[in-house]
There are 4 protein chains.
Amino acid sequence: MFTRPLLVLLLLAFPLSTIAQSDELDAFVGDWVFRINSDPTPQRVALLVKEDSVRGRVYGTPFSGVLDTGMLTFDVGGYTWAGTLSENRLTGQLIDPDGDTFAWSADRYQPPAAPRTFVHEPTNYHRLLSSRAEPALRIFPGDTVRTTTVDAAGWSTGGYRERGNRVTEGGNPLTGPFYIEGTLPGDVLAVSLQRVRLNRNWAYSGDAVMSNVLDASYIRDREVEGNLVQWTLEDGFARLTEPTTALADYKVALTPFLGSIAVVPGDGVTPSSRDSGPYGGNMEYAEIREGATVYLPVSEEGAYLYLGDGHAVQGDGELTGDALETSMELLFTVDVQRYRFRSVPRVETPESIASVGIAGSLDLAIQEATSDMARWLESDYGLSSTETALVFGTAVEYDIPDVVRPWVSVAIKISKSVLAQINQ
Amino acid sequence: MFTRPLLVLLLLAFPLSTIAQSDELDAFVGDWVFRINSDPTPQRVALLVKEDSVRGRVYGTPFSGVLDTGMLTFDVGGYTWAGTLSENRLTGQLIDPDGDTFAWSADRYQPPAAPRTFVHEPTNYHRLLSSRAEPALRIFPGDTVRTTTVDAAGWSTGGYRERGNRVTEGGNPLTGPFYIEGTLPGDVLAVSLQRVRLNRNWAYSGDAVMSNVLDASYIRDREVEGNLVQWTLEDGFARLTEPTTALADYKVALTPFLGSIAVVPGDGVTPSSRDSGPYGGNMEYAEIREGATVYLPVSEEGAYLYLGDGHAVQGDGELTGDALETSMELLFTVDVQRYRFRSVPRVETPESIASVGIAGSLDLAIQEATSDMARWLESDYGLSSTETALVFGTAVEYDIPDVVRPWVSVAIKISKSVLAQINQ
Amino acid sequence: MFTRPLLVLLLLAFPLSTIAQSDELDAFVGDWVFRINSDPTPQRVALLVKEDSVRGRVYGTPFSGVLDTGMLTFDVGGYTWAGTLSENRLTGQLIDPDGDTFAWSADRYQPPAAPRTFVHEPTNYHRLLSSRAEPALRIFPGDTVRTTTVDAAGWSTGGYRERGNRVTEGGNPLTGPFYIEGTLPGDVLAVSLQRVRLNRNWAYSGDAVMSNVLDASYIRDREVEGNLVQWTLEDGFARLTEPTTALADYKVALTPFLGSIAVVPGDGVTPSSRDSGPYGGNMEYAEIREGATVYLPVSEEGAYLYLGDGHAVQGDGELTGDALETSMELLFTVDVQRYRFRSVPRVETPESIASVGIAGSLDLAIQEATSDMARWLESDYGLSSTETALVFGTAVEYDIPDVVRPWVSVAIKISKSVLAQINQ
Amino acid sequence: MFTRPLLVLLLLAFPLSTIAQSDELDAFVGDWVFRINSDPTPQRVALLVKEDSVRGRVYGTPFSGVLDTGMLTFDVGGYTWAGTLSENRLTGQLIDPDGDTFAWSADRYQPPAAPRTFVHEPTNYHRLLSSRAEPALRIFPGDTVRTTTVDAAGWSTGGYRERGNRVTEGGNPLTGPFYIEGTLPGDVLAVSLQRVRLNRNWAYSGDAVMSNVLDASYIRDREVEGNLVQWTLEDGFARLTEPTTALADYKVALTPFLGSIAVVPGDGVTPSSRDSGPYGGNMEYAEIREGATVYLPVSEEGAYLYLGDGHAVQGDGELTGDALETSMELLFTVDVQRYRFRSVPRVETPESIASVGIAGSLDLAIQEATSDMARWLESDYGLSSTETALVFGTAVEYDIPDVVRPWVSVAIKISKSVLAQINQ
């Protein structure tokens, strides 16, 4: 069987009859989260006061309601809703077209007066992306968090693989989860990475190429053991701590980024923090660096943001399975784009925008990435599909961030200098 | 059934008996191409004189021979060869281990005293990569050719789609073939592109994205017609000749390159010039530009080099099927690397080296590219497979040059600034 | 970063010194599950008495221990274990090669005297494969369970989509989980399906072909809505309840099977019951029918067996996303194969054996299936890799059970009449 | 750049003016092949006489013409054609909408009065699928040919690998080509295989599994040499001639079929006979056996039919690269289905129909096969896309005939007992 289609209320305007006092109406004004008891998916409804009625908007479609002796009533697509207000909470009954009745309730969304900044010093880490984990913090859109991450093996700051330095078991332990108040399935969580910095002077990496990018005769002809290797991070470069003769002078410029950034995938599904998917995860994309904003499709209320797996440097594909794994210091701000219903992570940097297709093969991943970028140009830059093709034909770049099975990725990227030429 | 394995002569040294005069021996010195009548694949044998015997070398393995009353005799791996010399040609008999006899002959490789430069003004073009086509020129390694190419639709220099300007039918017509004397199956042809220049001020492109990089719902929701669009090439930029409002100011910097560079695939196989494979072909790789050297595995004697399909600009993947197609002016020099037995094209620019995997899916193409680059680092830079992994994990970049079916490509690239740090 | 390698104790024999009384020793005899406090993965150890010592076996490798004043001591691969026995429980200390100390304990595996049969009438169902769910039953290898499953939309027995008939929300609700005592990660759970029977006379199916098996022009040219269609199951055939004219006489023989059979994937990962993987899941393989035994790799202690998604009939691939979905009556027996360390589900019927590769593309799935079958022939039929190839070249069949993304499958099957010809 | 679209004449009826004598008109009646000198693709035009005019039909669309003093004139889609008749040949001028003039000619299609039977005893064989090869026979639709094929290594009838028995070099040598008069690009060639019989008592096969269906650890752990093995074909079974102990009693029932059946791919493209594609080729599909009809899309005038690569037995996928390769005796009849414009081979047996998708990955091949079968059910069985889905969801079977790179295949098959239930 296949995925249950998202329940979308079809909302139709209807004539208004009874009139209430405006100050009574004003108590309804705001963003509400509606819950039908029999349905696990909450929905956001904006209630407004216009003249003498309560008017609403759900998924962009307006409707209007009647207030009569304290009870608000409205019809939407053949469903009749009736409810009463008590201290920022609406409760009532819903009658469906067959005459069946369901209980519902609604809570008002009440963000803080001004954005806040939190410091989170993690004491436990997570190897699963779960909405059952206790949130590290509950924050609102606009809030900022300063925190740290350990490396993929659970080592924190301090000397190379020092015993006391290992603060948690390996397996890509992540910091979080951060519960983002007011986010609902269908939203997009925007995470702006203000600081993505190294906080120690070493990293480790694998030293064998993943077999899934090698051909059979190469695999057959090499003895591969696969050990961990230490790198020293200094003066803006990574160098092998104990280099071979051939690589005695080998150094690569540090380009620190977050290997993993994720929300939970929805419906209680709980993947490993080593996995990736439309919800983000272990994306291994070097563009997820200081200055970037990552857009993740939200599938559970609260989003449940996890971050970690800092990389000091990484070639495309993360070909050794472990990049230059290290601990990090982070500062990020969250925001929410409501009801975008996307299925692909996006990354924006000062230089470019990118859609990241994540799938079971590169050939599928490129389809997801390219289609999302086409939709992005159409929705945000006002291009037709023909104009999109002309920009694609001249200015896209593909990246292959991650070839570590089972989920691999292809990113499509367009420079902002190109986008700046589009007349909107 | 599957591919016939390449016939490799196993060569063993053997004791020497009869002694001839050195000046008689000297007539044998040189590179020879041996042909057994029953076998279509010629082999290169270097004959030398050392002291008082003819010594040879095939695929790097030495053997030695006896000259007796004008007849040269030698044994290799149980096969006995005997032959006489007449005007740069050896002819004789070969006796196999079963006692069967085959005729053979050998011709001396005689390059010109100094490299030459040719001007080739094409009068016909090729939509097939065939070793049956009459060579445009027969040149030697070291020689240089100045020539031109028409665009993929057969239009040459002159105004946009002017009638007289179309010099040949469309379908990716290429210039060539250039027969490279002395190249044999197993060699690699190196083509150094000294000039890859635009020679007119317009290009055309497609205006629809290839469906194989789009998802089903995107495909279902758009009307796609797919027309050709004209671009004006001026002042270093491409601009739409008749832009839409949104793209009125849209311009992209010109980065002219050759979409197609190919040898023939071997055994008489004759692909379309629109196809690609281990032999190169319609590779659509933007790194194949002025200053680049392209290395193509040779599969037929003479290589049969074809060039064309100039692109003024192209995004990754050639997503519209037609890039900014235009005619070009070329200057290139050919060279040969003997008996490398490779199966993947390589591209070297002043900035980087790249292996281009070409296969039926991106997941296979990335294996071919990555394995070849691993072999490249091992053979030319002296790295172990572990050291190769460390460089891969930190410094490779993947490109996706071409997603036009049926053959797609992935390139793996390493910067020369990285390679310069390797101690050899 | 990549998967933590399975901790494998390297076990070495060592000389024996102190001698204890045999009746004291006898208390140790049996299968034990060892747990090191710092490691989440338990390990099975068989303790035996041989002459005057406690001897053990782990992963097939023997070791031996000393009993001195109630404390059992043994060395394995540089680790020294010491513990005391109290009521079927061993507790003690482990000293690693660095001298660090860890607590450990071990519990004796105590199966019932004889296999039992249970009847489980489910009251709740599961749309997640979770080891955090409360087990429906805790059973031992050898036990048998009689139970029922609802269809993928949550409808039980009774009339077509009757209100009261829907006993749970849709989304592939499964019966279970059944906790299998004494199963550990690395084992294989064998589920013998003695009854897989229809218990109602209707099914529903989808009526649109999944887009991932269609080409772009087919997708572009058809309007596809995708509705549910009812089928009547009678006299051994499925017929459309309200057929179109063309399909008025269309009927297909009923071949009832279980669409979903799964254990949990390990490490707390919790997939949707609609997904599939090495742990089984929504496999949609028609060979999983009455008379079949399904072998699933166990990744968490207790295995956590889930079953459901009955199909009355299904073509290969489950091309409409929903097969003929129906409720079912089941009778099955479980057994355990210890420490096989496999990563692919297997299915055995009276007619054939099959390995089911499940991956993100058919090209990967076929590799997993074929490699597993090769290992199967080598380990259970004693064939060399050459003999395996000869059987493969003449007698394998491939099935494509499931093309519903994101995980697709390829099965490789060999008839038992072929296997019967192999001399073992 | 991409494929030139097929030139399709848009034909519009137009009023008729001048009237000619009917007996003069009668000379025009028949099927003609029109050729415009500047266009390599001929087109079939049916000319009829209706009342007092010449009427035509091209791709199913009618037009009508005027005969005046021996010159036939007609307009089609803005093009004006004028020509005169001389001995079954029309020659004339074509004026395009821009006023440009092109020469054209047309030849009458003249099949023999009754189908004929030919015996072709091949003296040479082909390792390329080329339209430049001299046809073995020129036959007409309806004609029958009796002939033989050698095995993939070039061995004919006689003892195992006897020297004299090898009649041609290996590399999958095929019998043919048979030029089918009157077939044009866009047609489908139907080849009915009346006899596909063994004509000797031995076969050879490979003994190693192709690496592309194996995983990396399997590849890494086995030494694979890959030799040829002899099989004895007797009493309806294949047995190893020199079996190992384990396979001493191993036998498989003979199911002889043609591994290769092909036309040329079009535009002069010349693949190896070891390759496959939309044109058929080395398909390795066991359904291509005695009693089957194979439908191949024609891409060059004359089709150029090649046959060979007999297999005595083969498991799915041809996993050893060489199946049980043997020589064969064939009897087949050809027919033509005009202007079907298909791109996938089809196979019909007394039991089933099948579409064979051939592509660079199984994931693409399954799309080609499934889409073609959907079109087949729609066009020949009158099903809507919904009805097609219902049949697909209940009654399709997938085969994987061939996994030998670079082109792999997936076949989709429906039983005729299922199709017989469809009301048409």
Side-chain angles (χ1 to χ4, degrees), chain A residues 205-209 213-215 218 222 224 229 238 240 244-252 313-320 323-324 361-363 366-368 370-371 374-375 381-400 403 410 418 421-424, chain B residues 205-209 213-215 218 222 224 229 238 240 244-252 313-320 323-324 361-363 366-368 370-371 374-375 381-400 403 410 418 421-424:
Chain A
S205 82
D207 71 348
V209 177
V213 290
L214 297 172
D215 63 32
Y218 189 90
R222 268 82 180 171
V224 175
V229 170
L240 285 162
T244 62
T245 305
L247 298 182
D249 300 322
Y250 188 74
K251 62 177 184 178
V252 269
V313 174
Q314 186 200 282
D316 281 0
E318 203 193 29
L319 293 185
T320 52
L324 268 58
S361 74
L362 295 175
D363 297 277
I366 200 174
Q367 289 181 351
E368 302 208 354
T370 311
S371 303
R375 293 184 177 105
Y381 294 86
L383 297 191
S384 68
S385 58
T386 299
E387 290 165 333
T388 296
L390 295 171
V391 172
F392 276 20
T394 48
V396 297
E397 288 170 74
Y398 281 117
D399 289 325
I400 301 181
V403 299
V410 173
V418 168
Q421 299 174 36
I422 297 173
N423 299 324
Q424 292 187 263
Chain B
S205 81
D207 72 348
V209 178
V213 290
L214 296 172
D215 64 32
Y218 189 91
R222 267 83 181 170
V224 175
V229 170
L240 284 163
T244 62
T245 306
L247 299 181
D249 301 322
Y250 188 75
K251 63 178 183 178
V252 269
V313 174
Q314 187 200 283
D316 281 0
E318 203 192 31
L319 293 185
T320 52
L324 267 60
S361 73
L362 295 175
D363 297 277
I366 200 175
Q367 289 180 352
E368 304 208 353
T370 311
S371 303
R375 293 184 176 105
Y381 295 86
L383 298 191
S384 68
S385 57
T386 298
E387 290 165 333
T388 295
L390 295 172
V391 172
F392 276 21
T394 48
V396 297
E397 288 170 74
Y398 282 117
D399 289 326
I400 301 181
V403 298
V410 173
V418 167
Q421 300 173 36
I422 297 172
N423 299 325
Q424 289 185 267

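We name chains A, B, ... by the order of the sequence lines, and we start the count at 1 in each one.
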| query | Highest number of heavy-atom pairs under 4.5 Å with chain A: which of B/Asp207, B/Val209, B/Thr394? | reply | B/Thr394
| query | Relative to chain B, which segment of A/Gln424 carries a heavy atom at a distance below 4.5 Å: side chain, backbone, both, or neither? | reply | neither
| Taking atom CD1 of B/Ile400 and atom CD of A/Glu397, what is their separation to the nearest 0.5 Å? | 11.5 Å
| field | Side chain to side chain, A/Thr370 and A/Phe392, heavy atoms closer than 4.5 Å | value | yes
| Counting heavy-atom pairs under 4.5 Å to chain A, which of B/Gly315, B/Ala208, B/Ser361 comes out on top? | B/Gly315
| task | Answer with side chain, backbone, both or neither: which region of A/Ile366 has an atom nearer than 4.5 Å to a non-hydrogen atom of chain B? | result | both
| request: Examine whether an atom of A/Val403 lies under 4.5 Å from a heavy atom of chain B, and if so say whether it belongs to the side chain, the backbone or both; otherwise answer neither. | output: side chain
| task | Kindly determine whether B/Val410 and A/Tyr398 satisfy side-chain contact (heavy atoms from CB on, under 4.5 Å), including the steps that lead there. | result | CA-CA 10 Å; B/Val410 173; A/Tyr398 281 117; over 6 Å; no
| query | Contact part of A/Leu324 toward chain B, heavy-atom cut-off under 4.5 Å: side chain, backbone, both or neither? | reply | side chain
| Side chain, backbone, both or neither of B/Val229 within contact of chain A (heavy atoms, under 4.5 Å) | side chain
| said: For B/Leu390, which atoms come within 4.5 Å of any heavy atom of chain A: side chain, backbone, both, or neither? | reply: both
| note | So, the part of A/Ala395 with a heavy atom under 4.5 Å from chain B: the answer is both
| remark: Separation between CZ (A/Arg375) and CG (B/Leu214), nearest 0.5 Å, reads 8.5 Å
| Non-hydrogen atoms of B/Ser371 and A/Val213 that approach each other most closely | OG-O, 3.9 Å
| note | Looking only at A/Leu362, A/Val418, A/Leu383, the option with the highest number of non-hydrogen pairs under 4.5 Å against chain B is A/Leu362
| Checking A/Ser205 against chain B: side chain, backbone, both or neither under 4.5 Å from a heavy atom? | side chain
| Going by distance alone, is a donor N or O of one side chain under 3.5 Å from an acceptor N or O of the other, for B/Tyr250 and B/Thr244? | no
| task | Report yes if the side chains of A/Leu247 and B/Asn423 come closer than 4.5 Å at any heavy-atom pair, otherwise no. | result | no
| Side chain proximity check, B/Asp363 to A/Asp363, heavy atoms < 4.5 angstrom | yes
